Amino acid sequence: MTELLFPRVVDNTMLSSFKSCERKFFYEHLHHLRAHTGSIHLHCGGAFARGLEVARQSFWGEGLSPEKSLLNGQRAIIEFWGDYPNPEEGHKTWENCVLALESYFTQYPWDKDTLQPYMGKSGPAVEFSFALPIGIDHPQTGEPLLYAGRYDLLGIYQNQLYVVDEKTASRMGPSWRRQWTLRGQFTGYCWGALEFGFPVVGAIVRGVSFLKDSFGHEEVLLARPSHMIRDWLVTTRQTIRRMIDCWDVMVDHELAENAWTRDFADACSAYSGCQFQLLCDKVEPMKWVDSNFIRQEWNPIGETLDG
Amino acid sequence: MSQEQRQKIVDMRQRILNQEPYSDEELADAIATLRILRSEAAAGSRAKRAAKEPKVVKPGLDLNTLVKGIKK
């Protein structure tokens with residue numbers, strides 16, 4: 001068996017992966033496997049976030065004009081997108097991503113936006129990341145395990161501080177809005193901000209939908225009172241302890257994938273089907289890895305790292 | 001959309017990815033072309049939809065009933 005390492009840094013993506021299917025976590029975050037094709041949703045979201053970051057930094061950090069700031073953001077989107085192919089279905093293309101950025105700043109016009117960036121000593125708090133001890137030790141090294149997050153903006157809305165995250169979507173509606181109500185991703189961001197001494201009261205999620213003929217915009221304001229943050233912390237620690245239990249079973253019994261149970265339910269079909277389905281029906285799944293996957297380590301506080 | 005306009009967008013992307021000098025004026029011009037392309041495509045698809053889906057009003061349904069239905 002390949003020498004595996006338990007992650008030193010855990011984030012919401014890893015928690016979600018483990019909770020949906022332990023085996024998925026095993027492949028995704030212990031073996032660092034990714035399908036060759038990648039995900040257009042992740043790529044488009046990353047490109048859009050990069051464009052927003054550069055545009056905001058240009059306008060609020062460097063004092064450039066809205067026009068110049070927008071162009072800087074659009075150029076950054078094109079650079080981020082690279083030669084990644086446009087999807088055969090849907091509207092998340094590089095061209096639409098570039099135009100979505102100007103639609104965003106038409107919807108939320110720069111210094112007229114009711115949500116303004118928090119201005120720290122080093123400029124606007126855009127693409128804010130953190131990594132903090134979560135109160136559990138690493139099963140191999142004994143060092144404190146870190147919980148990390150990275151959100152798009154620390155912003156001020158009606159004189160209160162919020163963490164802000166932007167989402168690209170194919171379409172939005174009531175169910176899009178409802179899905180964030182209890183979402184731990186944002187509670188974790190609030191926990192991180194509070195630990196750093198920023199008195200955030202909640203999260204704002206802004207969605208941009210890529211429709212055939214236009215772009216849609218939605219904004220959801222989420223309260224995160226202290227009891228929700230406490231509950232999130234307790235639950236997150238429980239989940240990480242369950243991860244470590246699986247890890248211990250794997251190590252103690254010299255097992256590999258069999259220490260990590262399979263969902264055999266919704267996780268297999270979610271998001272157009274789990275990328276690891278083709279391993280889960282094989283007698284010796286690891287023999288199928290090299291021809292179907294690349295190894296690319298997920299970095300919770302930045303871009304992916306080539307493994 | 002002419003071939004020349006399409007080529008302008010392809011060139012814009014290629015030159016930025018190759019890290020060749022590409023001024024803000026050129027970029028703004030290419031993105032304006034991209035905007036035109038999208039609104040032309042949108043107008044085209046709206047026209048197609050309109051041709052396919054003629055509005056049918058059920059006989060006996062007055063405007064007030066329709067408005068109430070929409071409000072619900």
Side-chain angles (χ1 to χ4, degrees), chain A residues 43-44 46-48 50-52 54-55 57-59 62-87 89-107 168 171 174 208-216, chain B residues 1-58 61-72:
Chain A
H43 192 71
C44 183
F48 189 73
R50 175 68 184 149
L52 272 176
V54 169
Q57 190 62 45
S58 298
F59 185 77
E62 298 167 37
L64 301 178
S65 68
E67 295 77 18
K68 171 68 177 157
S69 301
L70 177 61
L71 281 177
N72 285 354
Q74 289 173 313
R75 192 186 291 266
I77 287 175
I78 295 165
E79 286 168 352
F80 184 102
W81 199 284
D83 56 6
Y84 195 94
N86 276 342
E89 289 179 5
H91 308 294
K92 288 186 174 178
T93 61
W94 73 266
E95 296 95 328
N96 282 345
C97 198
V98 165
L99 295 178
L101 193 70
E102 59 188 50
S103 176
Y104 180 94
F105 285 111
T106 303
Q107 179 75 16
T168 56
R171 67 184 68 84
V208 181
S209 56
F210 287 51
L211 308 173
K212 189 177 182 188
D213 300 340
S214 61
F215 300 101
Chain B
M1 174 64 53
S2 70
Q3 183 60 34
E4 189 186 340
Q5 285 171 308
R6 287 178 202 281
Q7 194 57 44
K8 187 192 287 181
I9 292 164
V10 172
D11 288 346
M12 174 258 281
R13 186 187 189 199
Q14 210 51 55
R15 283 175 59 189
I16 289 176
L17 291 185
N18 292 342
Q19 297 188 319
E20 293 170 27
Y22 197 72
S23 71
D24 282 347
E25 289 71 27
E26 287 176 295
L27 181 59
D29 183 46
I31 290 173
T33 307
L34 202 54
R35 209 177 296 126
I36 293 166
L37 174 69
R38 193 168 206 261
S39 43
E40 280 180 1
S45 58
R46 271 197 300 273
K48 266 187 193 172
R49 274 201 303 272
K52 273 185 190 170
E53 300 164 13
K55 293 271 180 295
V56 179
V57 178
K58 286 181 188 172
L61 212 59
D62 65 13
L63 190 60
N64 280 336
T65 315
L66 273 176
V67 171
K68 277 178 194 167
I70 291 165
K71 277 185 180 169
K72 275 180 190 174

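Bear in mind the structure is a predicted one, so any value in this text is a computation, not a measurement. Below, chain A is the first sequence line, B the second, and so on; all start at residue 1.
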Neighbour count above 12 (heavy atom, 6.0 Å) for A:D83 CG: no

Exceeds 12 heavy-atom contacts within 6.0 angstrom, atom CD of B:E20: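 Atom CD in B:E20 is packed in, count exceeds 12.
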
Residue pairs, two or more places apart or on separate chains, that pass salt bridge (charged side-chain N to carboxylate O under 4.0 Å, His left out) and touch residues 22-31 of chain B: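 Passing the test, one end in residues 22-31 of chain B: A:K68-B:D24, A:R75-B:D24, B:K8-B:D29, B:R15-B:E26.
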
Shortest non-hydrogen separation from B:R38 to A:N96 and the atoms involved: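 Reported closest heavy-atom pair: NE-OD1, 2.7 Å.
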
Nearest atoms (heavy-atom pairs only) where B:L17 meets A:I78: CD2-O, 3.4 Å

Under the salt bridge (charged side-chain N to carboxylate O under 4.0 Å, His left out) test, residues paired with A:R171 that sit two or more places apart: none

Part of B:I31 within contact of chain A (heavy atom distance under 4.5 Å): both

Gap separating the CH2 atom of A:W94 from the CG atom of B:L34, nearest 0.5 angstrom: 5.5 Å

What part of [X] lies closer than 4.5 angstrom to a heavy atom of chain B: side chain, backbone, both or neither?
X      : answer
A:Q74  : side chain
A:L99  : side chain
A:E102 : side chain
A:L211 : backbone

A:E95 side chain near B:L37 side chain, heavy-atom distance below 4.5 Å: no

Any donor-acceptor N/O pair, B:R13 side chain to A:G82 backbone, under 3.5 Å: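 Such a contact is found between B:R13 side chain and A:G82 backbone.
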
